Amino acid sequence: MDTIEPIAYDPTAIEAKWQRTWADRGTNQVDLAGAKRPFYSLMMFPYPSAEGLHVGNLFAFTGSDISARFHRLLGYDVFQPLGYDAFGIHSENYALKIGAHPMELTPKNVANFQRQLERAGLMVDWRQKVDTSQRDYYRWTQWVFLQLHKQGLAYKKAAAVNWCSSCKTVLANEQVEGGACERCGTVVEQRFLEQWFFRIGDYAERLLGNLDGLDWSEVTKSAQRNWIGRSEGAEIKFDVAGHDASVRVFTTRPDTIFGATYLVLAPEHPMVETITTAAQRDAVRAYQANTTKQDVVSRKTVLQKTGVFTGAVAVNPATGTNVPVWIADYVLMEYGTGAIMAVPGHDERDFEFVHELAPAFREDCGLEVEQVIRRVVAGEGEGADTPLAEAYAASTGADHLVNSAQFDGLSVAEAKTAVIAWLEQNGHATPVVNYRLHDWCVSRQRYWGPPIPIVYCDACGTVPVPEAQLPVELPFISDFKPDDSGISPLARHAEWYNVACPSCGGAARRETDVSDTFLDSAWYFLRYPSARRDDVAFDRDITARWLPVNSYIGGNEHAVLHLLYSRFVTMALKDGGHINFDEPFTRFRAHGLIIRDGAKMSKTKGNVINPDEYVTEWGADAFRMYLMFLGPYQDGGDFRSQGISGVRRFLDRLWGSVRDARRDGDADPDVMRKLHQVIRKVGDDTGALAYNTAIAAMMEYMNVLRRAERVAHVDEVQPLVQLVAPFAPHLAEECWAHFGHDRSVFDAGWPLWDPALAEESTIEIAVQVQGKTRGRVTLSPDATQEEVLQAAMADASIAKFVTGEPKKIIYVKGRLLNILV
RNA sequence: GCGCUCGUGGCGAAAUUGGUAGACGCGCAAGCCUUAGGAGCUUGUAGGGCAACCUGUCCCGGUUCGAGUCCGGGCGAGCGCACCA
């Protein structure tokens, strides 16, 4: 019996042993102050739900952990921290649901997560753990708020905001999905409330422009671009007849101005009041009352358009003709100027409005459809002279203007600039860039978050809490339940909010809202390396050494939330002189999602995987490795319980070959050649996060060892242990120790591979005739074309296809020969 | 509608980036070993054909000696944005 006998190893014992050893030896700790080759490996921290760790968490963390361990083996000083996003609505809502107090429940959940995470075998430096709900963390979250305030980037204003009646708080635009709360799915209402905002809108251009230089997943960059929503166009002024006023509209299609036959204002537009005629006043007021009460979701998604005429008339600055001014619900106050010029001939929405919803008024009010663009489709010639909304959407390069005076014949692109330039001369237009991105609403009318560090004083006004007085501590209150009043639970506690003004000492009142959870996580990566410092949010030297983050891994659901906010806060802190970099994450990779048997995992479907069960049955190493083997890391994968056995079999075989490895005699040169090839492949793939193919390569090598039908030599097996180490760290340590090493395998370095030793002495070269593969010949890699041809013609099954003299021969060295006859 | 990513065996997937399609694993089949096996080992496994061979990477075209890969058009899926002017 010479072949490798797998010996089922005992993961429970081995894994517990090594986790203990790592903790005892401080294996996972890094010298933060003195590291020579710092590498900051970051994973998105979890919020500690009571349900415990989800496979999705483990999938994400394992991917980051492998990258971190791999870099350590390459010789970097790797810092990989982890912590808890424990403040915020998600934690508070769960406490409410089970009737617990978040201040008591959160530490329990954190402890449970900690236990599960420790079993997973992550190379985390737990000394640097952060917990956003702890005072020594949120003190500095408040400090960040104050820095932004100091820089004029935080302001308070009354505005129409998104109100979730279930979470009983306002939400940022980023937290509203299709008109509903992204967390609970409740339809969001519009409320008019005074809130704190951050001027993220001022950073739109920078947030957009920097994306090109970032090594990030394309999906993430594209999501951010969409969210920032840059559009170039112009503001055009339409004077209102009989008033000393003009309506400013934003358009991306100034070229269509000759077809602008009416204007539309958002119902809540401030000019509506002044320009509405007496005859239309009642109708307008009734309409306004009706639409502003509507919740956001029906304003934004219902496609039926309604509107009412204000009675006012404006002058089209291009044609000089009168155009009626309407108000309608399809124009949004939040975007552009809250007013549009309607071009029903070339805009689908305007076309719909005119045709479907205002037929009774059409003639009376002159809502006419004019064609000003002629569509030219390649190969089809010019389109018919029918004004159609489609012409707007399908503007091809050949389309040109008609019925537009001196601009007739210009292409759409030419006309855009020409029309703006012309109108600009008489002060009727300005080129403008608009963004969809709005300022970040950070106030929350909730309990479980950092109180916003602001005090209101009748004498001094809005006073920031002095930094020396931080934190503004969140008090323990039992009635923390939010209500529908739009006022925070803290506002019920006069003993807390009544304070002396920090400026004049007079009676003053604290801000009673807390800040958005996303502010907690928008700077946590700065805190980790300085987590044990109580005198600064982050140390200058430490920060300069470790940041920006070298590798960040997380879910793409945060593309426009956490990732955008983190970039903004980083830029703001740089502008405030606190740090010297613009972008927090040099490389970001969005991992995929784990589904199960083709469907998303959900409690209702009952297909949720409990990692604990699998870790107990198969071991953390096998579970980690299986998750990574499911498919490309950035695509996620379909979890099938059966599949894990293949990975476990591999680990058992590895353990068997380590146990049986012989030291006498020499290693087989053929096996060693494969080994050098595998070292290269696993290194390349692991660096590229192609974990599935890295694992496949190791399995292939294991098969080579087995098929050798003899006990493997130490030299053939030991380097494989180093390759496996990032994936199955516990077993790798056990194997490494078995080979007699005292130190951790993670201090052993990555095995070197020698290109000369990796090279095959003979290779198969495919032989094609007329481009069809007809056979293969085995020759030395540097065989000449003549040699290959000779060998090919000696093979009857190839030669029979070669009829006559070859006309041309194509030889790709070491790959294939193509004979053309 | 706009943007991004993608489409390959029964299944999850590979393919050195234009060069032998289906590595690796699951599943399945046959065999060995077993009192037994949801264990272990061996072999086979894209489809068709007795075979020589033929056909095959969503569909249609193109470039090329050669296309899963590049180009044009279409169909389909997933994600993001969306009455955004």
Side-chain angles (χ1 to χ4, degrees), chain A residues 1 3-8 177-178 217-229 231 233 249-253 256 264 299-305 328-332 334-343 347-350 352-353 392-394 434-436 556-557 559-560 590 592-593 597-598 626 629-632 634-635 637-647 649-650 652-653 681 684 690 692-700 702-703 706-707 764-776 797 800 807-812 814-820:
Chain A
M1 174 50 66
T3 52
I4 296 160
E5 268 303 289
I7 302 164
E177 267 174 22
S217 301
E218 194 51 45
V219 273
T220 312
K221 292 210 238 185
S222 137
Q224 292 213 350
R225 285 192 193 101
N226 285 336
W227 186 260
I228 295 167
S231 58
V249 305
F250 174 72
T251 179
T252 55
R253 295 296 305 274
T256 61
V264 187
R299 286 281 308 273
K300 288 196 172 171
T301 60
V302 170
L303 292 169
Q304 220 173 26
K305 297 175 178 60
D329 55 1
Y330 77 98
V331 173
L332 308 172
E334 314 91 76
Y335 188 76
T337 59
I340 61 156
M341 64 177 207
V343 184
D347 182 284
E348 220 174 331
R349 296 151 301 185
D350 300 337
E352 269 174 30
F353 182 67
Y392 174 82
N434 248 311
Y435 299 93
R436 231 184 53 84
N556 207 40
E557 67 275 15
V560 295
L593 292 175
D597 300 325
Y626 177 57
F629 189 56
L630 285 174
Q634 296 180 59
D635 294 356
D638 192 351
F639 190 99
R640 285 164 200 269
S641 322
Q642 277 177 325
I644 195 168
S645 60
V647 167
R649 237 191 305 272
F650 165 74
D652 282 337
R653 286 166 179 166
K681 167 98 176 135
D684 288 351
N692 56 332
T693 51
I695 293 167
M698 292 188 276
M699 289 174 163
E700 227 176 316
M702 192 70 234
N703 290 340
R706 291 165 60 221
R707 278 168 197 149
E764 272 195 343
I765 295 165
V767 180
Q768 300 184 334
V769 181
Q770 305 291 67
K772 272 181 184 278
T773 305
R774 295 298 183 184
R776 7 200 94 105
S797 62
K800 72 179 177 187
K807 283 204 187 79
K808 193 179 174 190
I809 291 177
I810 290 152
Y811 178 48
V812 183
R815 295 216 179 282
L816 64 66
L817 185 80
N818 190 3
I819 303 166
L820 303 173

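Basis for what follows: all heavy atoms, side chains included, without hydrogens, waters or symmetry-related copies. Note that the structure is a prediction, hence the values are computed from the model and not measured. Proteins come first, then strands; the chains are lettered A, B, ... in the order of their sequence lines, and each starts at number 1.
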With both distances kept under 3.5 Å, what pairs with B/U42, Watson-Crick or G-U wobble? B/A30
Checking N1-N3 plus N6-O4 or O6-N4 for Watson-Crick, or N1-O2 and O6-N3 for wobble, each under 3.5 Å, the partner of B/G78 is B/C4
Produce a footprint string for nucleotides 12-20 of chain B: one letter per nucleotide, 5' end first; B if the base is under 4.0 Å from any protein heavy atom, S if only the sugar-phosphate is, - if neither. BSS-B--BB
On a whole-Å scale, what distance lies between the [atom1] atoms belonging to [N] and [M]?
| N | M | atom1 | value |
| --- | --- | --- | --- |
| B/A21 | B/G66 | P | 15 Å |
| B/A14 | B/U69 | C1' | 14 Å |
| B/A51 | B/G61 | P | 31 Å |
| B/G56 | B/U8 | C1' | 10 Å |

Heavy atoms only, 4.0 Å cut-off, all strands: where does A/Ala223 land among base, sugar-phosphate and nothing? sugar-phosphate
Within this structure, what is the [atom1]-to-[atom2] distance between [X] and [N], rounded to whole angstrom?
| X | N | atom1 | atom2 | value |
| --- | --- | --- | --- | --- |
| A/Ile228 | B/C4 | CD1 | C1' | 15 Å |
| A/Met341 | B/C83 | CE | P | 20 Å |
| A/Arg707 | B/U42 | CZ | P | 7 Å |

Any residue meeting side-chain hydrogen bond (donor to acceptor under 3.5 Å, both in side chains) with A/Glu218, in chain and number order, not counting sequence neighbours: A/Arg225
Under the side-chain hydrogen bond (donor to acceptor under 3.5 Å, both in side chains) test, which residues partner A/Asn703, sequence neighbours left out? A/Arg706
Counting side-chain heavy atoms from CB outward, which of B/C53, B/C41, B/A23 is closest to A/Ala696? B/A23
Ignoring the backbone of A/Lys772, work out which of B/C26, B/U55, B/C83 is nearest its side chain. B/U55
Using OP1 and OP2 only, check whether a side-chain N or O of A/Arg649 sits under 4.0 Å from B/G25. no
Determine yes or no for a side-chain-to-main-chain donor-acceptor pair under 3.5 angstrom, with A/Thr256 supplying the side chain and A/Val343 the backbone. no
